[in-house]
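Since the structure comes first, as structure tokens, the remarks are kept for the end.
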There are 2 protein chains.
Amino acid sequence: MATRAARGYGQYSGTARALERIGDRWALLIVRDLLVGPRRYGDLKASLPRIPTNILSDRLKELQEAGVVRRVPTVRGGYELTRLGLALEPVVVALERWGWSELGEPVEGDTVGADALAISLRAAFRADAAAGLPPTEYVLHVGGVSLSVIVLGATLDIVPIGPGALPQPRRRSAFEPVPGALLELALEPDSLRDLLAGDAARATVLAGDDELLERFVLTFRIGPAAPPTERAPAADAAA
Amino acid sequence: MATRAARGYGQYSGTARALERIGDRWALLIVRDLLVGPRRYGDLKASLPRIPTNILSDRLKELQEAGVVRRVPTVRGGYELTRLGLALEPVVVALERWGWSELGEPVEGDTVGADALAISLRAAFRADAAAGLPPTEYVLHVGGVSLSVIVLGATLDIVPIGPGALPQPRRRSAFEPVPGALLELALEPDSLRDLLAGDAARATVLAGDDELLERFVLTFRIGPAAPPTERAPAADAAA
DNA sequence: CGGGATCCCAAGCGATACTG
DNA sequence: CAGTATCGCTTGGGATCCCG
């Protein structure tokens, strides 16, 4: 039985209400993955390796009761976000931006999921900078997962490559591969972090030239959550 | 002793890292209140009526360890956000916007806090719409708490009125009260929700005219998180 | 493969009492 | 007022078994 988030905060407040709905452990990570596209129960389980199956089951039930998630009628074990769930994108993106700069080095045992990576890139996407650049496809291989990222003007389309994605009527952008508009990179997770931070990063360029790499850096960027420019000499230091 | 959020998610992901830092119950509500200004232990306790004192104590310790919160050296029991903590504003604002439209009627026992209200207004603030309007002060009385809200061009300055605020060197905006630029409203929490949603709302106008009320509605607005338009998946647009 | 049920332990949470 | 200490309840987590 769903654990019922009956423990409210006793406040008539948007933040409190939101946390009552999606504040439980694991809940927003499930939403994050579903923001990339519909997923099956097993996909989510694989994407969230440490989640116990009963918790995943409970959360999916609660998220359905909250109107955030619904089942995909045509697919056994398929789940997708409702409109209300899709509206959580700004929340997840804001969290992703904040947490990204807090990523130190990967801890032993940390995994990198394709969906998580897709959201990172969505959070890093600079629509204004991209608008002036020619259509480009980026293919990223990061720590075992692969993503195809198509930037067409100010629009962004990310599709994980390989198994896990649930086939959907969702069309790719009207993008026809332009010769010389493909950058393919292979890098480690912490190198991607450095790259998005604008720092020098070790990356293996499998296809494309330096100009395309520059284009990538212009298009995708997550600055530090707390810029060092602060008048008061804060004692705290990010570890 | 701080309970240590050692239970990580095992993912090298911004969202996961963020939730490990500020995903614990009550944590973001504490951050929300501190976003309005430095507060004392007792202020927070009063603002979050249902929080057990040991949990408040634990969370403040954890938030300090996470570099989000620090003590105000000059004030006994005073806490404030660090730069990193201030950087959580987009997260809280996004949550507030999403949760606001999920506020039904107040549940018996729900309280309304001045700080929570201040964040609601910050989330509802339309800088672009406000930029074209003359400087205005709004004084709101909502369910027992009062706020002074000064809009000066595209800037917003909110100060709770009454006890609870910790005196700070923070200056009010360079705002000199203009005669005829003050709207004072008294309303119930659910009426404010309707007002910000753009619906008709029962409000008692204590000072000001209809034109000022119209100005308020233009300046502050939180639309539904899930607009009734289902079909369009809406490519994300930077606001 | 999807997903529900159970058992068990550990950790988180909540209420209250207590101390500086 | 600003916490700490304690205690009992609830939840999460891991493992496992089960059913369709």
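Only a predicted model underlies this, so the values are computations on that prediction, with no experimental measurement involved. Chain letters run A, B, ... following the sequence lines, proteins first and then strands; every chain starts at 1.
Separating the CG atom of Leu56(A) from the P atom of dT11(D) is a distance of 19 Å, rounded to the nearest angstrom. Atom-to-atom, OH of Tyr79(B) to P of dA2(D) comes out at 9 Å; the value is rounded to the nearest Å. If you measure from atom CG of Asp58(B) to atom P of dA2(D), you get 17 Å, rounded to the nearest angstrom. When rounded to the nearest whole Å, the span between CD of Glu62(A) and P of dG4(C) equals 12 Å. Protein atom CG of Leu44(B) is 9 Å distant from nucleotide atom P of dA2(D), rounded to whole Å. The separation between Leu19(A) atom CG and dC13(C) atom P is 13 Å, rounded to whole Å. As rounded to whole Å, 17 Å separates atom C1' of dA2(D) from atom CZ of Arg39(B). With rounding to whole Å, Arg76(A) atom CZ is found 12 Å from dG4(C) atom C1'.
Residues Ile150(A) and Val159(A) fail the side-chain proximity criterion, which asks for heavy atoms closer than 4.5 Å. At least one side-chain heavy atom of Leu44(B) sits less than 4.5 Å from a side-chain heavy atom of Leu60(B).
Using cut-offs of 30° and 60° for the angle between ring planes, the Phe220(A) and Phe125(A) rings count as tilted.
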Which atoms of nucleotides 13-19 of chain D (N or O only) lie under 3.5 Å from a protein N or O atom, and what are those distances?
residue: dG13(D); atom: OP1; partner: Arg25(A); partner atom: NE; Å: 2.1
residue: dG13(D); atom: OP1; partner: Arg25(A); partner atom: NH2; Å: 2.9
residue: dG13(D); atom: OP2; partner: Trp26(A); partner atom: NE1; Å: 2.9
residue: dG14(D); atom: OP2; partner: Arg50(A); partner atom: O; Å: 3.0

May I have the step-by-step check of side-chain contact (heavy atoms from CB on, under 4.5 Å) for Gln11(A) and Leu19(A), ending in yes or no? CA-CA 11 Å; Gln11(A) 295 183 39; Leu19(A) 291 174; over 6 Å; no

List the steps and the verdict of side-chain contact (heavy atoms from CB on, under 4.5 Å) for Tyr138(B) and Leu121(B). CA-CA 11 Å; Tyr138(B) 305 94; Leu121(B) 288 170; over 6 Å; no

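Partner of Arg32(A) under the side chain to side chain contact (heavy atoms under 4.5 Å, CB included) criterion, chosen from Val91(A), Leu48(A), Leu88(A): Leu48(A).
Taking a cutoff of 4.0 Å between a charged side-chain nitrogen and a carboxylate oxygen, Arg25(B) and Asp58(B) do not qualify as a salt bridge.
Between Ile222(A) atom CD1 and Trp100(A) atom CH2 the span is 6.0 Å, to the nearest 0.5 Å.
The side chain of Lys61(B) contributes an N or O atom lying less than 4.0 Å from OP1 or OP2 of dT4(D). A sub-4.0 Å separation between OP1 or OP2 of dG4(C) and a side-chain N or O of Ser57(A) is present.
For the pair Arg71(A) and Tyr41(A), the NZ or CZ position fails the cation-pi test of under 6.0 Å to the six-membered ring centre and within 45 degrees of the ring normal.
A stem is defined here as three or more consecutive Watson-Crick or G-U pairs, each with both distances under 3.5 Å; for DNA chain D these stems are C:1-19 with D:2-20.
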